[in-house]
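First comes the structure, then the notes that go with it.
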Amino acid sequence: MTTTANDITYRLEQKRRVQADFPGPKSIALTERRKAVVAAGVASTVPVFVADADGGIIHDVDGNSFIDLGSGIAVTSVGASDPAVVGAVKEAVEHFTHTCFMVTPYEGYVAVAEQLNRLTPGEHEKRTVLFNSGAEAVENAVKVARLATGRDAVVAFDHAYHGRTNLTMALTAKAMPYKTNFGPFAPEVYRMPMSYPYREENPAITGAEAAKRAITMIEKQIGGEQVAAIIIEPIQGEGGFIVPAEGFLPALAAWARDKGVVFIADEVQSGFCRTGEWFAVNHEGVVPDIITMAKGIAGGMPLSAITGRADLLDAVHPGGLGGTYGGNPVACAAALASIGSMEQYGLNARAKHIEELALGKLRELASEQPVVGDVRGRGAMLAIELVQAGSKEPNPELTKAVAAACLKEGVIILTCGTYGNVIRLLPPLVISDELLLDGLQVLAAAIKANA
Ligand code: PLZ
């Protein structure tokens with residue numbers, strides 16, 4: 001057991017170690033079995049199979065250990081086997097695995113709703129509904145907004161990612177791999193320009209001006225009074241960890257309020273201490289009408305939620321919202337425990353500390369390496385955008401090569417971005433400083449070696 005400054009104890013040794021024959025024989029055998037039975041459409045970033053995970057470390061079935069800088073795509077913020085979550089799951093599962101909240105309700109669901117109503121921004125009266133996945137939360141936020149406003153149109157943004165179901169594919173911006181040949185898509189979805197400071201034609205454009213650009217298009221192409229909802233990720237995830245210019249989100253939210261448009265913040269990736277606040281909208285004091293949550297909410301158990309204005313959510317007729325598994329009792333127990341751990345470990349402060357440690361290193365790297373075009377993000381949601389030296393031309397080949405080189409050295413790094421040229425860092429918030437710094441040093445070396 002080792003301990004960090006935050007008094008987090010680990011079950012597994014927090015150290016990377018990759019053998020020469022990587023991937024090892026057990027992972028290779030499992031990959032063969034997998035190929036015969038699992039659909040090819042499901043791809044995996046890393047060619048090894050997991051045996052155990054804890055803190056900032058993932059062990060594979062061949063005895064390799066990797067530094068986890070991805071958290072299973074921003075899920076295991078409290079770690080993949082946080083003792084409080086594990087204990088709560090064990091306790092819950094020994095009593096009942098499921099009854100269906102729509103049939104025979106249980107306290108855990110209500111307790112999660114109380115926590116979400118408390119933690120989400122705004123002092124107004126709120127209501128919560130629980131689901132299973134991020135996409136399902138987004139679908140339901142749009143359902144509520146349409147019913148409550150009596151309007152059809154939904155505005156999404158360039159570079160957006162909202163899921164893989166039919167409506168959320170329509171909301172998602174990127175064709176390959178998410179949408180190509182999967183249509184036809186849900187109607188009444190309109191896409192507007194995002195504020196993407198690094199790639200603006202006019203780099204001096206302010207957040208307010210970028211919002212005005214989108215609002216003018218909305219008013220010209222749809223008409224404000226036709227719009228049910230604007231949905232936006234306050235920091236875009238899959239699209240490239242794009243942090244909009246300051247003032248962009250507040251201006252959009254103000255316009256939405258003025259026009260009776262429901263402002264939905266999709267915090268599926270950015271929520272729950274990831275950016276150093278409970279939610280990324282908090283950085284600019286934006287109060288969404290509805291907020292969608294998943295991923296970090298339940299320490300790895302599948303749970304998602306929408307929390308929003310009581311008048312909007314209670315507009316829906318009884319029986320209009322639900323699903324067999326939504327708010328599963330074991331997932332609710334995990335959520336309560338993981339929220340408890342976030343508070344106990346002080347994970348907002350910890351995410352800010354990670355930002356301090358990592359941003360400095362990444363900026364240093366950018367100043368030495370002209371292929372690092374941009375460094376951005378908040379808290380433990382950080383990224384670098386890789387380009388051809390001397391231009392802003394995206395460099396997806398280098399991005400792939402760097403991620404592969406890191407993996408060989410025992411560091412799991414995820415890529416993202418509309419142009420496939422962004423390396424994103426999403427470490428578990430409980431990662432130790434030593435492990436994080438080791439991972440960053442491997443990343444820096446991989447960029448130097450491949451640039
Ligand atoms: N909204 C902002 O980031 C999920 C998806 C990875 P689900 N992002 C990771 C992939 O390739 O499928 C996401 C998100 C935002 C919605 C979702 C969807 O959440 O739980 O994957 O449905």
Side-chain angles (χ1 to χ4, degrees), residues 38-46 69-77 129-143 154 156-180 182 186 189 194 229-244 249 263-272 274-275 279-281 288 290-307 323 325-328 331 334-335 377-378 380-381 383 403 412-418 420 422 424-426:
V38 178
V42 189
S44 300
T45 311
V46 178
L69 298 185
S71 299
I73 323 189
V75 172
T76 53
S77 300
V129 191
L130 303 181
F131 304 98
N132 304 288
S133 67
E136 206 185 354
V138 170
E139 290 262 355
N140 279 280
V142 171
K143 274 168 71 172
V154 179
F157 287 83
D158 276 344
H159 312 287
Y161 183 90
H162 298 291
R164 294 174 181 268
T165 58
N166 188 261
L167 172 62
T168 61
M169 267 195 296
L171 294 169
T172 290
K174 194 174 176 178
M176 214 36 200
Y178 307 122
K179 303 171 75 167
T180 303
F182 288 133
V189 170
M194 180 62 186
I230 288 183
I231 180 159
I232 189 162
E233 302 155 83
I235 297 180
Q236 289 181 317
E238 304 307 302
F241 279 30
I242 300 161
V243 186
L249 295 171
F263 185 85
I264 304 171
D266 182 351
E267 295 252 15
V268 163
Q269 190 153 165
S270 55
F272 292 97
R274 178 50 55 187
T275 68
F279 297 97
V281 284
I290 299 178
I291 181 160
T292 60
M293 295 159 271
K295 291 190 185 277
I297 191 173
M301 294 296 286
L303 187 75
S304 70
I306 62 174
T307 297
Y325 291 115
N328 168 273
R378 291 192 202 274
M381 187 170 183
I412 294 173
I413 279 200
L414 302 177
T415 63
C416 63
T418 295
V422 176
R424 54 170 153 174
L425 303 180
L426 285 169

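One-based numbering, in listed order, for ligands and for the atoms of each.
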Heavy-atom closest pair, residues Ser304 and Asn132:
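Closest heavy-atom pair between Ser304 and Asn132: OG-N, 3.3 Å.
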
As a quick check of understanding, evaluate salt bridge (Lys or Arg N to Asp or Glu O under 4.0 Å) for Glu238 and Arg424, giving each step before the final call.
CA-CA 9 Å; Glu238 304 307 302; Arg424 54 170 153 174; 2.9 Å; yes

Which residue and non-hydrogen atom of the protein lie closest to [atom], and at what distance in Å?
{"atom": "atom 8 (N) of ligand 1", "value": "Lys295 NZ, 3.2 Å"}
{"atom": "atom 16 (C) of ligand 1", "value": "His162 O, 3.4 Å"}
{"atom": "atom 1 (N) of ligand 1", "value": "Asp266 OD2, 2.7 Å"}

Side chains of Asn140 and Val129: closer than 4.5 Å at any heavy-atom pair?
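SC-SC contact between Asn140 and Val129 ruled out.
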
Just so I know, are the side chains of Met194 and Ile232 near enough to count as touching, which here means a heavy-atom distance under 4.5 Å?
yes

Suppose I only count heavy atoms of [X] and a 4.0 Å limit; which atoms of ligand 1 are within that range?
{"X": "Ile73", "result": "6 (C), 9 (C)"}
{"X": "Gln269", "result": "3 (O), 8 (N)"}
{"X": "Ser133", "result": "20 (O), 22 (O)"}
{"X": "Gly134", "result": "7 (P), 18 (C), 19 (O), 20 (O), 22 (O)"}
{"X": "Ala135", "result": "7 (P), 18 (C), 19 (O), 22 (O)"}

Between Lys174 and Tyr161 (side chain of the first, backbone of the second, donor and acceptor by atom type, cut-off under 3.5 Å), is there such a pair?
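No, the answer is negative, given that no donor and acceptor are paired below the 3.5 Å cut-off.
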
So is there a nitrogen or oxygen of [X] less than 3.5 Å from a nitrogen or oxygen in ligand 1?
{"X": "Arg164", "value": "yes"}
{"X": "Tyr178", "value": "no"}
{"X": "Glu233", "value": "no"}

One pair to check against side chain to side chain contact (heavy atoms under 4.5 Å, CB included): Thr165 and Glu136. What are the steps and the verdict?
CA-CA 8 Å; Thr165 58; Glu136 206 185 354; over 6 Å; no

Which value, rounded to the nearest 0.5 Å, describes the distance between Gln269 atom CD and Met381 atom CE?
4.5 Å

Aromatic centroids of Tyr325 and Phe131 separated by under 6.0 Å
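So the answer is no for these two rings.
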
Closer than 4.0 Å: a protein non-hydrogen atom to atom 21 (O) of ligand 1
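Looking at atom 21 (O) of ligand 1, one finds that no protein heavy atom lies closer than 4.0 Å.
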
